[in-house]
Every structure is written in structure tokens, then in C-alpha cells.
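Structure first, then comments.
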Amino acid sequence: MTQFLYIGIVYGKVKPGISAKLASRIKSYDKGNNNPVFAELYVAKEGYDEHVENCEKYVNRQLFPYLENPQGNRTPSEYVDPKYSHIDTLYVRNLVEDRIKSHPLKLYRLKKTFLPITRYNAKTIEEGIKNFPEKYLEEV
């Protein structure tokens with residue numbers, strides 16, 4: 001299991017994304033006492049990394065009208081604009097899980113016991129998922 005789909009709070013904004021390295025991804029957002037948090041995490045079953053990418057593309061299409069575009073460019077940022085307060089981590093989680101169920105994607109959810117993911121526990125969780133997937137992950 002190598003590909004992660006996360007739903008995070010970064011710079012105070014909702015941000016979904018994917019990464020092959022969970023610990024390094026969360027650290028990349030940790031600038032200026034930002035304290036990023038991943039509220040949800042999904043992991044591809046071995047050999048099904050394209051399912052993570054499929055799900056991310058779907059979520060990004062659904063969120064496109066709500067993304068920030070502070071410079072007025074055609075390409076929005078990857079962050080949900082805070083003025084859309086109804087687009088929270090639960091809203092994005094429902095998008096992800098509806099997609100997983102409707103297109104049987106080989107993705108597993110990190111158990112709530114291990115959430116939230118912070119810069120302090122990301123490496124431990126990543127190693128735990130790799131070594132003990134049945135302890136850390138559950139079906140959607």
C-alpha cells in the first residue's frame with residue numbers, strides 16, 4: 001500500500017490531495033507554525049494506486065467551483081475557499097466515500113483511532129499501515 005488520499009486542514013482551509021509519502025507531505029505544509037492536520041486518510045490496496053488518482057480527480061471536479069482563486073486566474077488553488085463554510089472535511093469525506101462505494105475502488109480508510117494525523121504521528125502511522133494494515137485500516 002503506497003498511495004495515500006488525504007483530506008486535510010492546511011493553512012486553515014480544507015484541502016484534499018494525494019501523496020506516496022505521508023510524513024513528508026504533511027511536513028511540506030508545516031511552515032510558519034501552520035500545524036497542518038489530516039482529518040481523513042485513504043490508502044490504496046497494493047497494485048491499485050490508480051484508484052487513488054481516480055478518486056482524487058473526481059473529488060477535484062466536484063470541488064472545482066468552491067476552490068480559491070485569489071489572483072483571478074483560470075486555474076484555482078487546491079484549497080477550498082473559506083467563504084464556502086459548508087465545504088468541510090465531512091463534506092469531502094462523503095464525496096470520497098460515495099465514489100469508493102459507487103465504483104468499487106480498492107481503497108481503505110484509516111481507522112478513527114489513529115486520527116487526526118499531524119507532523120508528530122505521521123511517520124508512525126505510515127509505518128503502522130505498511131507493517132500492520134489490518135490494525136490500521138478498515139473497509140469503507
Side-chain angles (χ1 to χ4, degrees):
M1 298 182 199
T2 57
Q3 193 75 295
F4 301 101
L5 171 67
Y6 60 87
I7 303 168
I9 303 293
V10 181
Y11 307 117
K13 304 168 192 169
V14 175
K15 184 200 181 304
I18 62 173
S19 179
K21 299 284 186 184
L22 182 61
S24 63
R25 173 57 74 195
I26 201 163
K27 286 178 184 175
S28 74
Y29 294 128
D30 192 23
K31 308 239 187 314
N33 286 334
N34 173 44
N35 296 324
V37 173
F38 291 169
E40 299 290 341
L41 184 75
Y42 300 87
V43 182
K45 183 177 177 182
E46 190 74 39
Y48 288 91
D49 287 349
E50 72 275 4
H51 288 205
V52 169
E53 294 159 13
N54 172 301
C55 197
E56 183 201 29
K57 287 177 185 174
Y58 170 79
V59 169
N60 286 339
R61 282 192 308 270
Q62 300 306 309
L63 293 178
F64 187 84
Y66 307 108
L67 298 179
E68 268 188 330
N69 191 2
Q71 288 81 31
N73 299 329
R74 292 186 181 266
T75 305
S77 78
E78 298 178 328
Y79 301 90
V80 173
D81 190 321
K83 73 181 178 185
Y84 299 108
S85 59
H86 69 287
I87 309 293
D88 57 8
T89 56
L90 181 59
Y91 182 94
V92 180
R93 175 190 169 148
N94 289 336
L95 283 176
V96 168
E97 294 194 1
D98 287 347
R99 183 66 173 187
I100 291 169
K101 291 173 186 173
S102 66
H103 286 76
L105 300 177
K106 303 284 186 192
L107 300 179
Y108 296 92
R109 174 179 51 221
L110 181 66
K111 292 179 180 178
K112 288 208 179 296
T113 307
F114 303 104
L115 293 170
I117 301 168
T118 67
R119 63 184 169 163
Y120 302 108
N121 66 0
K123 187 165 182 65
T124 302
I125 289 172
E126 190 172 347
E127 289 172 359
I129 290 169
K130 179 181 176 184
N131 296 321
F132 307 103
E134 64 285 342
K135 176 181 176 183
Y136 283 78
L137 302 174
E138 62 188 3
E139 290 188 17
V140 175

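Considering only heavy atoms from C-beta on, Leu107 stays 4.5 Å or farther from Val43 through its side chain. Considering only heavy atoms from C-beta on, Ser28 comes within 4.5 Å of Arg25 through its side chain. For the pair Val37/Ile117, no side-chain contact is recorded, criterion being any heavy-atom separation below 4.5 Å from C-beta on.
The distance from atom OH of Tyr42 to atom CZ of Arg93, rounded to the nearest 0.5 Å, is 5.0 Å. In this structure, CD in Glu56 is found 7.0 Å from CG in Leu5, a value given to the nearest 0.5 Å. Put simply, OH on Tyr11 and OG on Ser77 are 11.5 Å apart, with the number rounded to the nearest 0.5 Å. The CZ atom of Phe64 sits 7.0 Å away from the CG atom of Leu67 when rounded to the nearest 0.5 Å. Atom CD1 of Ile129 and atom OG1 of Thr124 lie 11.0 Å apart (nearest 0.5 Å). The CD atom of Glu40 lies 8.0 Å from the CG atom of Leu90; values are rounded to the nearest 0.5 Å.
Distance alone, capped at 3.5 Å, is enough to place a donor-acceptor pair between the Asn121 side chain and the Thr118 backbone.
Residues forming a ring-ring contact (aromatic ring centres under 6.0 Å, His included) with Phe38 (at least two apart in sequence, or on another chain): Tyr6.
Atom CD of Glu139 has 12 or fewer neighbouring heavy atoms from other residues, nucleotides or ligands inside a 6.0 Å radius.
The two residues Lys106 and His51 come nearest to each other via the heavy atoms N-ND1, 2.8 Å. Heavy atoms only, all atoms of each residue included: Asn34 and Tyr29 are closest at ND2-O, 2.8 Å. Nearest heavy atom pair, residue Ala39 against residue Leu115, reads O-CD1, 3.3 Å. Minimum heavy-atom separation, Ile7 to Val14: CG2-CG1, 4.5 Å. Phe4 and Val52 get closest at one heavy-atom pair: O-CG1, 3.8 Å. Shortest non-hydrogen contact noted between Pro16 and Asn60 is CG-OD1, 4.2 Å.
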Inset, instruction - Step by step, work out the salt bridge (Lys or Arg N to Asp or Glu O under 4.0 Å) result for Lys123 and Glu127. - result: CA-CA 6 Å; Lys123 187 165 182 65; Glu127 289 172 359; 3.7 Å; yes
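Using a 30° and 60° split on the angle between ring planes, Tyr136 and Phe114 fall in the parallel class, below 30°.
With hydrophobic clusters built from ILVMFWY side chains whose heavy atoms lie under 4.5 angstrom apart, Val10 does not share a cluster with Leu63. In the hydrophobic cluster analysis, where Ile, Leu, Val, Met, Phe, Trp and Tyr join through side-chain heavy atoms closer than 4.5 angstrom, Tyr66 is grouped apart from Tyr79. Side-chain heavy atoms closer than 4.5 Å link hydrophobic residues (I, L, V, M, F, W, Y) into clusters, and following such links, possibly through other members, connects Tyr84 to Leu95. Tracing side-chain contacts under 4.5 Å through hydrophobic residues (I, L, V, M, F, W, Y), one reaches Ile125 starting from Phe132; they form part of the same cluster. Residues Tyr48 and Ile100 fall into different hydrophobic clusters, defined by Ile, Leu, Val, Met, Phe, Trp and Tyr side chains chained together at heavy-atom separations under 4.5 Å.
A side chain to side chain donor-acceptor pair (under 3.5 Å) with Glu138 is found for one member of Lys112, Lys111, Arg109 and no other, namely Arg109. Of the listed residues (Glu50, His103, Glu97, Arg99), just one forms a side chain to side chain contact (heavy atoms under 4.5 Å, CB included) with Cys55, and that residue is Arg99.
A salt bridge between Lys130 and Glu126 is absent, with no side-chain N of the basic residue lying under 4.0 Å from a carboxylate O of the acidic one.
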